[in-house]
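Count residues from 1 along the sequence.
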Amino acid sequence: MKNLFGAGATAFLTCLDMAVKSEVEKWPDEEEKPFADSKKIVLRKVHNKGMCMSLLKEYPQFVKYTSLVMAAILTVWDILCLRKKGSYLKKAGLSLGVAGAWSNTLDRWMRGYVVDYIGFQTSDEKLTKITYNLGDFFLAAGSILILLSEFLHNFRKGSE
């Protein structure tokens, strides 16, 4: 039953980000607006044909296939992990990572680019230009949870 919850959460988060991206696609280009009453978080539509921070944007086919392979590998790892007892932190991290990976991969395959829409106002102009989506945050949070899980596992193992 817990396996279904993990898979369901992954599917829900993937669909959530895809739904938000579909709404963002309706926005006019070049428009930037504050998120709620925040002066630090802004919403803007950006099409990213590369990986993180437009890395390899000159090679969209390579990015597209690499994204598919990595999402598939993460999914297999998630399925194998879900079948084991325990490791709840790792399972949560993998579920988040898989959701983010598939959301961005589906974007690349369906649109030819990833829709990014969350930015931050900072004193550094380069950092202010970086734009993210929920899938990116899922990937980052999932990675942190997986690393924390491994750290705690090794810590417990070492103290035995």
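- Annotation for Phe12: atom CZ does not count as buried by contact number, only 12 or fewer foreign heavy atoms lying within 6.0 Å.
- Between the side chains of Asp17 and Ser103, a donor-acceptor pair is found at a separation under 3.5 Å.
- Of all heavy-atom pairs between Asn104 and Gly135, the closest is ND2-C, 4.3 Å.
- For Glu58, the CD atom is densely surrounded, since the number of other residues' heavy atoms within 6.0 Å is greater than 12.
- Within the 3.5 Å criterion, the main-chain N or O of Met51 finds a donor-acceptor partner in the side chain of Asn48.
- Leu13 and Phe137 fall within the same hydrophobic cluster, where Ile, Leu, Val, Met, Phe, Trp and Tyr residues are linked whenever their side-chain heavy atoms come under 4.5 Å apart, directly or through other members.
- Among all heavy-atom pairs drawn from Met18 and Met110, the shortest one is CE-CE, 3.5 Å.
- The closest donor-acceptor contact from the side chain of Lys91 to the backbone of Gly86 lies under 3.5 Å.
- In this structure, the side chains of Thr131 and Ile118 stay at 4.5 Å or more apart for every pair of heavy atoms.
- The two residues Val115 and Arg111 have their closest heavy-atom pair at CG2-CD, 3.8 Å.
- With Asn133 contributing its side chain and Tyr117 its backbone, the two residues share no donor-acceptor pair below 3.5 Å.
- The distance from atom OG of Ser143 to atom CG of Leu94, rounded to the nearest 0.5 Å, is 9.5 Å.
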Check the pair Trp77 / Val98 against side chain to side chain contact (heavy atoms under 4.5 Å, CB included), numbers first and verdict last. CA-CA 9 Å; Trp77 186 20; Val98 168; over 6 Å; no
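- Of all non-hydrogen atoms in Ile41 and Ser38, the two that sit nearest each other are N-OG, 2.9 Å.
- With respect to Glu25 and Lys21, no salt bridge is recorded, no charged nitrogen being found less than 4.0 Å from a carboxylate O.
- Shortest non-hydrogen contact noted between Gly93 and Leu145 is CA-CB, 3.7 Å.
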Leu74/Asp78 under side chain to side chain contact (heavy atoms under 4.5 Å, CB included): CA gap, chis, key distance, verdict: CA-CA 6 Å; Leu74 264 178; Asp78 188 27; over 6 Å; no
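- Annotation: the span from His47 atom NE2 to Asp116 atom CG amounts to 9.5 Å, rounded to 0.5 Å.
- In summary, Glu150 and Lys90 engage in a salt bridge, as defined by a charged side-chain N under 4.0 Å from a carboxylate O.
- No side-chain heavy atom of Lys57 sits under 4.5 Å from any side-chain heavy atom of Val63.
- In this structure, the side chain of Arg108 engages the main chain of Gly50 through a donor-acceptor pair within 3.5 Å.
- Within the 4.5 Å cutoff, no side-chain heavy atoms of Phe138 are placed close to those of Thr14.
- In terms of modelled atom types and a separation under 3.5 Å, the side chain of Thr128 and the main chain of Thr122 share a donor-acceptor contact.
- For NZ of Lys49, the number of neighbouring non-hydrogen atoms (other residues, nucleotides, ligands) closer than 6.0 Å is 12 at most.
- Trp109 has its ring centre less than 6.0 Å from the ring centre of Tyr65.
- Taken to the nearest 0.5 Å, the CG atom of Leu139 stands 9.5 Å off from the SG atom of Cys52.
- Taking CG of Asp124 as the reference point, atom NZ of Lys129 lies at 10.5 Å (rounded to 0.5 Å).
- Val42 and Tyr132 fall into different hydrophobic clusters, defined by Ile, Leu, Val, Met, Phe, Trp and Tyr side-chain heavy atoms under 4.5 Å apart, directly or through other members.
- Residues Thr10 and Trp102 bring no donor and acceptor atom of their side chains to less than 3.5 Å of each other.
- Within a 6.0 Å sphere centred on NZ of Lys33, other residues, nucleotides and ligands contribute more than 12 heavy atoms.
- The hydrophobic cluster containing Tyr113 does not contain Leu106, counting ILVMFWY residues as joined when their side-chain heavy atoms lie under 4.5 angstrom apart, directly or transitively.
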Do Lys126 and Ile130 pass the side chain to side chain contact (heavy atoms under 4.5 Å, CB included) test, and can you show the C-alpha distance, the side-chain angles, and the key distance before you say yes or no? CA-CA 7 Å; Lys126 289 181 182 179; Ile130 300 172; over 6 Å; no
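- Under the 4.5 Å side-chain heavy-atom criterion for ILVMFWY residues, a single connected hydrophobic cluster contains both Leu127 and Met53.
- Summarising the geometry of Ala101 relative to Ser67, their closest heavy-atom pair is O-OG, 4.5 Å, with the distance given to 0.1 Å.
- Cluster membership for Leu96 and Leu89, using ILVMFWY side-chain heavy atoms within less than 4.5 angstrom, is shared.
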